[in-house]
Number of protein chains: 2
Amino acid sequence: MTYESEYPPVYVTVDVVLLTVRDDALQVLLVERGAREQRGSLALPGGFVRQEEDLPDAARRELREETGVDVEPAHLEQVATFGAPYRDSRGRVVSVAYLAALPALPVPVAGTDAAAARWEPVSAALDEPLAFDHHAILEAGVDRARSKLEYTALATTFVGPTFTVAELRHVYEVVWGRSLDPGNFHRKVLGSEGFVRRTAEQRSSGRGRPAATYEHGGATLLHPPILRRAAP
Amino acid sequence: MTYESEYPPVYVTVDVVLLTVRDDALQVLLVERGAREQRGSLALPGGFVRQEEDLPDAARRELREETGVDVEPAHLEQVATFGAPYRDSRGRVVSVAYLAALPALPVPVAGTDAAAARWEPVSAALDEPLAFDHHAILEAGVDRARSKLEYTALATTFVGPTFTVAELRHVYEVVWGRSLDPGNFHRKVLGSEGFVRRTAEQRSSGRGRPAATYEHGGATLLHPPILRRAAP
DNA sequence: CTAATAGTGTCTGTCAGACAATATACC
DNA sequence: GGTATATTGTCTGACAGACACTATTAG
């Protein structure tokens with residue numbers, strides 16, 4: 001069937017910047033577009049919002065359909081909306097961008113809408129052409145992630161359910177692109193109320209003294225925050 | 001003419017949270033809806049995005065058409081997008097919310113789309129029913145303004161082209177809802193690089209020593225920021 | 001003069017960062 | 001033991017806030 005409208009139609013899509021930390025790099029999940037428009041080019045996963053579907057639901061569904069990744073229990077937040085008139089050659093398409101973060105565990109599986117899905121370092125993704133204005137969307141998502149590490153517990157969604165302070169520090173170092181003093185970081189994380197909660201186990205990386213493990217302590221906003229300073 | 005589409009139509013609107021400081025209160029510009037939908041109820045100014053119009057352009061245009069206020073030289077930033085499926089009874093309407101700030105100078109003039117436009121204290125506006133989900137949009141806009149005072153020069157858009165430190169402090173006090181130490185605030189503002197630039201004039205409020213006047217110093221991000229602390 | 005506001009100086013507690021010291025594992 | 005990492009301790013500089021003090025106007 002077709003629908004009629006007295007105004008020219010405006011389409012609403014969602015695009016997802018799904019980040020993870022793997023191989024000592026901040027990586028983003030990209031899909032090779034299988035749909036007719038810009039077929040073959042790399043793009044962020046995303047697609048059209050359905051008529052009775054909430055925006056974050058659409059983001060989760062498109063991510064699942066296009067990449068096989070289920071972001072259900074993890075972080076998903078709106079970043080910004082991109083709506084320049086000619087950003088999409090199919091017509092007027094306004095896209096709501098979402099940021100998601102996952103541990104490095106899941107391996108993407110190409111779904112129906114996309115010929116392929118794969119992780120790629122953010123630095124590389126920003127150096128190659130992406131479909132539509134996805135370069136700007138990716139930048140906005142990464143910027144948001146970098147600043148949210150400072151004052152929210154976002155970093156815990158980059159690691160598994162339990163983690164060591166060093167693993168958490170590695171997330172900060174990779175996302176911010178600078179090294180941090182292990183001692184000071186340790187004290188700041190444990191001093192930020194509700195950031196992490198101690199678990200019973202220990203964990204050894206094979207070298208050195210084994211570390212205590214922690215789980216997310218329930219706080220979403222950090223007091224005090226883990227501040228980022230200008231690189232030395 | 002009518003347009004046909006293979007999908008049910010989704011409408012995109014913009015809504016503007018225009019804030020100002022007047023009568024020692026943070027106030028928001030509201031319109032009494034003249035359009036058929038929710039006629040007579042109070043709402044944020046806003047409306048449908050045109051086919052070839054960028055989103056911030058639509059925000060400025062709707063503000064001008066509905067209230068006679070021209071926000072051209074002032075601050076206008078995107079806040080968030082609201083798209084719950086049944087937030088608007090006319091159908092699927094996704095709204096991109098914008099935040100704007102102006103000095104208390106302009107008096108609103110009702111335009112064609114709205115029966116009336118008026119300033120109202122934010123505290124009062126949040127206590128009465130607003131059309132659609134504009135209560136949540138207003139809250140998001142005010143939250144954004146409060147946090148942006150900390151690390152951007154947003155406060156300068158609430159005052160005239162030249163201002164005293166006390167006028168700037170008044171903006172912070174009203175928007176944050178707490179009093180600030182005049183001496184410490186003075187030192188922090190002048191110590192934040194590029195926040196304000198001294199002008200030649202002085203200004204007297206009638207009582208006490210006349211104050212030096214300043215203009216915006218060009219910086220958008222403040223180093224160091226003007227931090228907000230928990231109320232004493 | 002007094003009242004009022006503008007602007008400066010000083011002290012103190014907090015905290016980030018540098019870096020040293022200790023703890024505990026593996027080889 | 002030696003090495004590597006975890007964790008804790010110590011010092012120092014920067015800075016926010018409290019508050020005292022000086023400066024400059026009106027009346």
Side-chain angles (χ1 to χ4, degrees), chain A residues 24 147 149-151 155 159 162-174 176-193 195-215 221-232, chain B residues 24 147 149-151 159 162-174 176-193 195-215 222-232:
Chain A
D24 296 339
S147 58
L149 284 194
E150 293 193 80
Y151 57 96
V159 293
T162 69
F163 48 87
T164 67
V165 174
E167 288 166 2
L168 201 60
R169 174 163 50 85
H170 188 241
V171 170
Y172 277 87
E173 291 181 332
V174 165
W176 284 352
R178 52 166 301 193
S179 59
L180 301 171
D181 181 276
N184 293 335
F185 182 84
H186 191 274
R187 196 172 341 101
K188 281 160 77 169
V189 166
L190 267 59
S192 193
E193 198 180 347
F195 191 4
V196 297
R197 181 175 28 234
R198 182 94 191 239
T199 64
E201 288 81 37
Q202 287 207 333
R203 184 176 304 171
S204 172
S205 64
R207 292 178 303 193
R209 170 176 167 183
T213 61
Y214 298 84
E215 58 190 358
L221 263 59
L222 300 185
H223 300 288
I226 312 293
L227 289 178
R228 156 175 59 159
R229 288 273 168 259
Chain B
D24 296 340
S147 58
L149 285 193
E150 293 193 80
Y151 57 94
V159 293
T162 70
F163 48 87
T164 66
V165 174
E167 288 166 1
L168 202 60
R169 176 165 47 86
H170 187 240
V171 170
Y172 277 86
E173 291 182 331
V174 165
W176 284 351
R178 52 165 301 194
S179 59
L180 300 171
D181 181 278
N184 293 335
F185 182 83
H186 191 276
R187 196 172 342 103
K188 280 160 77 167
V189 167
L190 267 59
S192 193
E193 198 180 346
F195 190 5
V196 297
R197 181 177 24 237
R198 180 94 191 238
T199 65
E201 289 79 38
Q202 286 208 332
R203 184 176 303 171
S204 172
S205 64
R207 293 176 304 192
R209 171 177 167 180
T213 62
Y214 297 85
E215 58 190 357
L222 299 185
H223 300 288
I226 311 293
L227 289 179
R228 157 176 58 159
R229 287 273 169 259

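Here is how names work: the chains are called A, B, and so on, in the same order as the sequence lines, proteins then strands, and each is numbered from 1.
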* **4.5 Å side-chain heavy-atom contact, A/Glu150 and A/Leu222** => no

* To do: Report yes if the side chains of A/Tyr214 and A/Val189 come closer than 4.5 Å at any heavy-atom pair, otherwise no.
  => no

* Nucleic acid contacts of residues 180-188 of chain B, taken as heavy-atom distances under 4.0 Å to DNA chain C -> B/Gly183, B/His186, B/Arg187

* Sorted by number, the residues of residues 162-170 of chain A with heavy-atom contact under 4.0 Å to DNA chain C -> none

* Length of the CG-P vector between A/Leu222 and C/dA16, whole Å -> 12 Å

* A/Glu201 has an atom CD; how far is it from atom P of C/dT24, in whole Å? -> 19 Å

* Residue list, side-chain hydrogen bond (donor to acceptor under 3.5 Å, both in side chains) with A/His186, at least two apart or on another chain -> none

* Asked: Got a sec, which residues hit side-chain hydrogen bond (donor to acceptor under 3.5 Å, both in side chains) with B/Thr199, two or more places apart in sequence or on another chain?
  -> B/Thr213

Dump the pairs, protein N or O against N or O of nucleotides 12-14 of chain D, anything under 3.5 Å, distances to one decimal.
none

* **Qualifying salt bridge (charged side-chain N to carboxylate O under 4.0 Å, His left out) pairs with a residue from residues 198-211 of chain B, counting only residues at least two apart or across chains** => B/Glu167-B/Arg203

* Structure fact -> Residues passing the ring pair (Phe, Tyr, Trp, His ring centres under 6.0 Å) test with B/Tyr172, sequence neighbours excluded, are B/Trp176, B/Phe185

* To do: With sequence neighbours left out, write down each residue that passes salt bridge (charged side-chain N to carboxylate O under 4.0 Å, His left out) with A/Arg197, or none if nothing qualifies.
  => A/Glu215

* To do: Quick one: list whatever passes salt bridge (charged side-chain N to carboxylate O under 4.0 Å, His left out) with A/Glu193, sequence neighbours left out.
  => none

* Roughly how far, to the nearest 0.5 Å, is CZ of B/Phe195 from CG of B/Leu190? -> 10.0 Å

* To do: Name all residues meeting the side-chain contact (heavy atoms from CB on, under 4.5 Å) criterion together with A/Ala166; count only those two or more places apart in sequence or in a different chain, and write none if there are none.
  => A/Thr164, A/Arg169

* Any residue meeting side-chain contact (heavy atoms from CB on, under 4.5 Å) with A/Pro210, in chain and number order, not counting sequence neighbours -> A/Gln202, A/Ser204

* Asked: For the residue pair A/Val159 and A/Leu168, what are the closest heavy atoms and their distance?
  -> CG2-CD1, 4.4 Å

* Decide yes or no on side chain to side chain contact (heavy atoms under 4.5 Å, CB included) for A/Leu149 and A/Ile226, but give the supporting numbers first. => CA-CA 7 Å; A/Leu149 284 194; A/Ile226 312 293; over 6 Å; no

* Nucleic acid footprint by protein, nucleotides 22-27 of chain D - heavy-atom cut-off 4.0 Å, B for base, S for sugar-phosphate alone -> -BBBS-

